[in-house]
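Within every chain, numbering begins at 1; the chains are lettered A, B, ... in the order of the sequence lines, protein sequences first and strands thereafter.
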Number of protein chains: 2
Amino acid sequence: MGASEHDIGDDTLCPIAHSTGLVGDRWSILIVRELLLGQSRFQDLQAQTGATSQMLAARLKRLEADGLVERHAYLERPPRHEYRLTPKGRHLMPVILALRTWGEQWCKPQGQQPATRMFHRACGSELELDGKCPACGGLVAWTEMSGQPSQAWAEERARRAAEFTDHRRAATSPSAEPEQ
Amino acid sequence: MGASEHDIGDDTLCPIAHSTGLVGDRWSILIVRELLLGQSRFQDLQAQTGATSQMLAARLKRLEADGLVERHAYLERPPRHEYRLTPKGRHLMPVILALRTWGEQWCKPQGQQPATRMFHRACGSELELDGKCPACGGLVAWTEMSGQPSQAWAEERARRAAEFTDHRRAATSPSAEPEQ
DNA sequence: CTCGACACTATGAATTTCATATCTTCGCTG
DNA sequence: CAGCGAAGATATGAAATTCATAGTGTCGAG
């Protein structure tokens with residue numbers, strides 16, 4: 001027990017087939033993104049990814065079984081957990097960064113500034129989208145970067161969190177909706 | 001008509017949500033992998049990805065609508081097309097490379113040699129999994145690399161192609177199956 | 001002792017994907 | 001020119017997945 005792997009992409013030498021077998025879907029990727037951003041609680045993951053609770057629960061279970069995520073109890077007596085990436089999960093950072101670069105370059109209205117600014121820790125310069133350091137003149141390894149969300153994106157995330165809580169409240173309380 | 005975009009991940013600043021809206025599924029990624037490897041015909045894509053024909057047709061349609069893939073007629077009179085990546089599609093290479101690195105490092109029995117060997121075009125050295133050039137001592141940009149499939153992987157792919165054709169032949173001909 | 005927060009789980013409907021078969025248009029063979 | 005096979009799909013109904021919505025259990029606050 002412990003051997004899991006919903007064997008998709010096994011039986012091939014192609015590493016990409018293996019990878020997509022574990023994280024080849026939208027929700028897994030968004031969850032890993034959130035965990036890399038430092039979120040760890042169920043609720044926050046749900047609010048920021050937009051997944052349904054059952055989808056999130058199922059994916060977290062699978063990610064844990066595949067060794068990307070660890071569940072830590074931070075409260076015993078109503079059982080409460082936080083979710084953290086394992087080293088295996090954390091090493092998905094380059095994939096996330098590559099998706100970021102592509103998304104910024106090809107999927108957004110041009111001229112819009114990136115959601116996250118990345119910096120070269122060694123010299124403090126802001127990195128270009130492709131990971132080059134304008135000061136050092138070369139590509140920077142992901143382990144040498146740190147990121148900071150833009151004002152606009154931070155606000156979007158705060159709004160999402162707030163809306164999620166509201167939604168919750170509305171669904172629970174049988175009182176009249178405050179709309180209009 | 002013409003405006004497509006199955007708007008998932010719009011309405012956010014997050015570039016990763018945008019990216020996964022377009023390529024956030026297993027089949028799209030595997031198709032892009034094949035196109036990057038130089039395959040262009042429907043049949044080859046189907047054989048190497050393992051997608052059903054309808055899945056492949058649907059995904060190619062969507063990838064075309066989203067501007068990742070172009071369809072070129074190479075025959076008029078039985079309409080025959082080949083599929084090629086656009087620049088937008090080709091720029092997914094870093095994502096594929098990141099998935100490759102992760103898959104090789106975390107999803108395969110250790111010690112197994114990579115399915116593809118990558119080389120630094122400028123100096124000819126074989127690159128490490130993480131993209132470092134042992135000769136030049138830094139990370140190499142994806143535009144400066146070239147890859148070559150290992151013997152074993154080339155064989156696997158050839159076998160897959162052969163099996164696919166056999167399968168076809170078997171399904172079409174109403175003669176007795178040659179099994180046993 | 002009621003209420004709300006949190007982390008889920010349950011349920012049935014809607015959507016997606018799958019396996020399998022079929023279609024179309026050609027070129028070739030006899 | 002009838003028949004066959006290849007290539008590139010489309011059709012169909014069953015199986016699996018995902019969704020929206022609602023509910024469960026446990027706790028602390030009031």
Open item on the list: Starting the side chain at C-beta, find the nucleotide from D/dA7, C/dA5, C/dT9 nearest to B/Gln43.
Closed with: D/dA7
- [ ] Starting from C1' on D/dT24, measure out to CZ on A/Phe42 and report it in whole angstrom.
- [x] 14 Å
TODO: Sequence neighbours left out, what pairs pass side-chain hydrogen bond (donor to acceptor under 3.5 Å, both in side chains) with at least one residue falling in residues 111-120 of chain A?
DONE: A/Arg117-A/Glu126
TODO: Kindly say if B/Tyr83 contacts the phosphate of D/dA9, meaning a side-chain N or O under 4.0 Å from OP1 or OP2.
DONE: yes
Pick out the pairs of N or O atoms, protein on one side and nucleotides 10-16 of chain C on the other, that lie under 3.5 Å.
unit_1	atom_1	unit_2	atom_2	d
C/dA10	N6	A/Gln54	NE2	3.0
C/dT11	O4	A/Gln54	NE2	2.8

Task: B/Glu128: salt bridge (Lys or Arg N to Asp or Glu O under 4.0 Å) partners, not counting sequence neighbours - done: none
Task: Rounded distance in Å - CG (B/Leu56) to C1' (C/dA19) - done: 16 Å
Check nucleotides 28-30 of chain D for protein N or O atoms closer than 3.5 Å to its own N or O atoms and list the pairs.
none

Task: Co-members of the apolar cluster containing A/Leu13 [side chain, <4.5 Å] - done: B/Leu37, B/Trp153
Task: B/Phe164 CZ to D/dA9 P, straight-line distance once rounded to whole Å - done: 12 Å
Task: Whole-Å gap separating C1' (C/dT17) and CG (A/Asp25) - done: 14 Å
Open item on the list: For C/dC8 and A/Arg71 - does any side-chain N or O of the residue sit under 4.0 Å from the phosphate oxygens OP1/OP2?
Closed with: yes
Open item on the list: Without decimals, in angstroms, what is the distance between B/Met55 CE and D/dT10 C1'?
Closed with: 13 Å
- [ ] Quickly work out the A/Glu64 CD to C/dA7 P distance and round it to whole Å.
- [x] 15 Å
Task: Out of C/dT9, D/dA9, C/dA7, whichever nucleotide has its closest atom nearest the side chain of A/Lys61 - done: C/dT9
Open item on the list: I'd like to check the salt bridge (Lys or Arg N to Asp or Glu O under 4.0 Å) partners of B/Arg71; sequence neighbours left out, ordered by chain and number.
Closed with: B/Glu64
Under 3.5 Å, side-chain donor or acceptor atoms of residues 137-144 of chain B against the rest of the protein: list the pairs with distances, not counting sequence neighbours.
none

TODO: Please state how far atom CH2 in B/Trp27 lies from atom C1' in D/dA16, giving the value in whole angstrom units.
DONE: 14 Å
Task: Under-4.0 Å salt bridge between B/Asp66 and B/Arg59 - done: no
- [ ] Any pair with a residue in residues 91-102 of chain B that passes side-chain hydrogen bond (donor to acceptor under 3.5 Å, both in side chains), sequence neighbours left out, goes on the list, sorted by first then second residue, please.
- [x] none
Task: Atom-pair distance (NE2 on A/His81; P on C/dC8), nearest Å - done: 6 Å
- [ ] Mind checking salt bridge (Lys or Arg N to Asp or Glu O under 4.0 Å) for B/Glu82 and listing every partner two or more places apart, or none if nothing turns up?
- [x] B/Arg84
TODO: Quick one: closest heavy-atom pair of B/Ala115 and A/Cys14, and the distance?
DONE: CB-CA, 4.4 Å
